[in-house]
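The structure appears below as structure tokens.
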Amino acid sequence: MSSKSSSTIFSTWIGGYEINKHVTNPNIEVGDFTYYSGYYHDKHFEDQCVRYLLGDSSSHSVWESGVFGDVDKLIIGKYCSVASGATFMLAGNQGHRHEWISSFPFDYEVFGDKVKSGFELAGDTVIGNDVWIGSECVIMPGVTIGDGAVIGARAVVTKDVEPYTIVVGNPGNAVKSRFTEPQIEMLLEMKWWNWPIEVLQANMDLMCSSDIDGLYQRFLQFQDMLKSTDE
């Protein structure tokens, strides 16, 4: 007797889909190969993970009207892994100004023309390349997460994360770097996520290892080949 899958969108928790092939919100930008594995929450990436961002299915007509002008965007790089139920909080402060006497967003139609708008942009939320975002973590508005970072399950990220840093807990705490500073510098120089597919294929033996030095040596050889071709 076969058991019924608990997800109608994702056939198994092992897999997922490339996000940029499913995104409809014009304020979301996602690089190639970045995927969402949402089996345990059974909703599409936009519906489950992205909150309060104009341009989604519930606010598309309002966004197209232009009354709100520019809004913060969600920008995610290439080769990122987003686990089930991760949350990206967008659109900055929706009028709840905690430094004012009241944090309530008063409606001017009810409370008069002295009402001030409390809306504040927080800036784009930017996720670098090769970032692993754990299940049910929360990324707050305006945060930048550097290339190669790892965000642990259910972490709450309230401030920027340096490249190749591991963050866990609530509030998110940087517990360690994945590699040494020289190794991180090499990785950031190589930017392997921008390499052509055929170059990545030729270097999978090192990509699937911890040999950053070895990959860097191949990168230098590759750069020399490009220079000689240009000459």
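Just so you know, these numbers come straight off a predicted model, no measurement behind them.
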I want to check something: taking the side chain as every heavy atom from C-beta on, are F179 and M186 in contact at a cut-off of under 4.5 Å?
no
Start with the C-alpha distance between T34 and E18, add both sets of side-chain angles, then the distance that settles side-chain contact (heavy atoms from CB on, under 4.5 Å), and finish with yes or no.
CA-CA 6 Å; T34 287; E18 289 185 50; over 6 Å; no
Would M89 end up clustered with V156 when hydrophobic side chains under 4.5 Å apart are linked, directly or stepwise?
yes
If the condition is ring pair (Phe, Tyr, Trp, His ring centres under 6.0 Å), which residues does H44 pass it with, not counting sequence neighbours?
Y17, H22
Has the side chain of D72 got a donor or acceptor atom that lies under 3.5 Å from a matching backbone atom of A122?
yes
Okay, side chain of S37, backbone of W13: is any donor-acceptor separation there less than 3.5 Å?
yes
Under a 4.5 Å cut-off applied to non-hydrogen side-chain atoms, are Y164 and L188 in contact?
yes
Specify the closest pair of heavy atoms between N25 and N27, including all atoms of both residues, with the distance to one decimal.
OD1-N, 2.8 Å
Taking it one step at a time, do T125 and I75 satisfy side-chain contact (heavy atoms from CB on, under 4.5 Å)?
CA-CA 6 Å; T125 297; I75 302 170; over 6 Å; no
To the nearest 0.5 Å, what is the distance between CG on N20 and OH on Y35?
14.5 Å
For W192 and F219, run side-chain contact (heavy atoms from CB on, under 4.5 Å): C-alpha distance rounded to whole Å, both residues' side-chain angles, the deciding distance at 0.1 Å, then the answer.
CA-CA 9 Å; W192 63 261; F219 166 73; over 6 Å; no
Separation between CG of L53 and CG of L90, rounded to the nearest 0.5 Å
4.5 Å
Counting C-beta onward and ignoring hydrogens, is there a side-chain heavy-atom pair between V175 and V167 closer than 4.5 Å?
no
Measure the spacing between CG of L74 and CG of D124 and express it to the nearest 0.5 Å.
9.0 Å
Can you give the donor-acceptor pairs under 3.5 Å from side chains of residues 128-153 to other protein atoms, not counting sequence neighbours?
unit_1: N129; atom_1: OD1; unit_2: K78; atom_2: N; d: 2.7
unit_1: N129; atom_1: ND2; unit_2: D147; atom_2: OD1; d: 3.1
unit_1: S135; atom_1: OG; unit_2: S84; atom_2: O; d: 2.8
unit_1: E136; atom_1: OE1; unit_2: R154; atom_2: NE; d: 2.7
unit_1: E136; atom_1: OE1; unit_2: R154; atom_2: NH2; d: 2.7
unit_1: E136; atom_1: OE2; unit_2: H41; atom_2: NE2; d: 3.0
unit_1: D147; atom_1: OD1; unit_2: N129; atom_2: N; d: 2.7

Tell me whether F222 shares a hydrophobic cluster with L220, the cluster being built from Ile, Leu, Val, Met, Phe, Trp, Tyr side chains joined at under 4.5 Å.
yes
For atom NZ of K73, is the number of surrounding heavy atoms from other residues, nucleotides or ligands below 6.0 Å larger than 12?
yes
Are F111 and F106 near enough that their ring centres are under 6.0 Å apart?
yes
Where the side chain of E46 meets the backbone of T24, is there a donor-acceptor pair that is under 3.5 Å apart?
yes
side-chain contact (heavy atoms from CB on, under 4.5 Å) evaluation trace for F119 with L121:
CA-CA 7 Å; F119 179 77; L121 294 174; 3.5 Å; yes
If you round to the nearest 0.5 Å, how far is CG of L54 from CG of D70?
11.0 Å
Is the shortest side-chain heavy-atom distance between T87 and R51 below 4.5 Å?
yes
So, does T180 use its side chain to make a donor-acceptor pair with the main chain of Q183 at under 3.5 Å?
yes
Give every donor-acceptor pair under 3.5 Å between a side-chain atom in residues 196-217 and any protein atom, sequence neighbours left out.
unit_1: N203; atom_1: OD1; unit_2: R218; atom_2: NH1; d: 3.1
unit_1: N203; atom_1: ND2; unit_2: V199; atom_2: O; d: 2.8
unit_1: D205; atom_1: OD1; unit_2: R218; atom_2: NH1; d: 2.9
unit_1: D205; atom_1: OD2; unit_2: R218; atom_2: NH1; d: 3.4
unit_1: D205; atom_1: OD2; unit_2: R218; atom_2: NH2; d: 2.9
unit_1: S209; atom_1: OG; unit_2: L206; atom_2: O; d: 2.7
unit_1: S209; atom_1: OG; unit_2: D211; atom_2: N; d: 3.1
unit_1: D211; atom_1: OD1; unit_2: G214; atom_2: N; d: 2.8
unit_1: Y216; atom_1: OH; unit_2: E189; atom_2: OE1; d: 2.8
unit_1: Y216; atom_1: OH; unit_2: E189; atom_2: OE2; d: 3.3

Are F88 and V71 connected, step by step, through hydrophobic side chains (Ile, Leu, Val, Met, Phe, Trp, Tyr) whose heavy atoms are closer than 4.5 Å?
yes
Check for me, please, whether M190 and W193 land in the same ILVMFWY cluster - side-chain distances under 4.5 Å, paths through other members count.
yes
Can you find a heavy atom in the side chain of R97 that is under 4.5 Å from one in the side chain of E120?
yes
Geometric class of the Y36/F45 ring pair [parallel <30°, tilted 30-60°, perpendicular >60°]
perpendicular
Using the six-membered ring wherever Trp is involved, compare the ring planes of Y79 and F33 and label them parallel, tilted or perpendicular (cut-offs 30° and 60°).
parallel
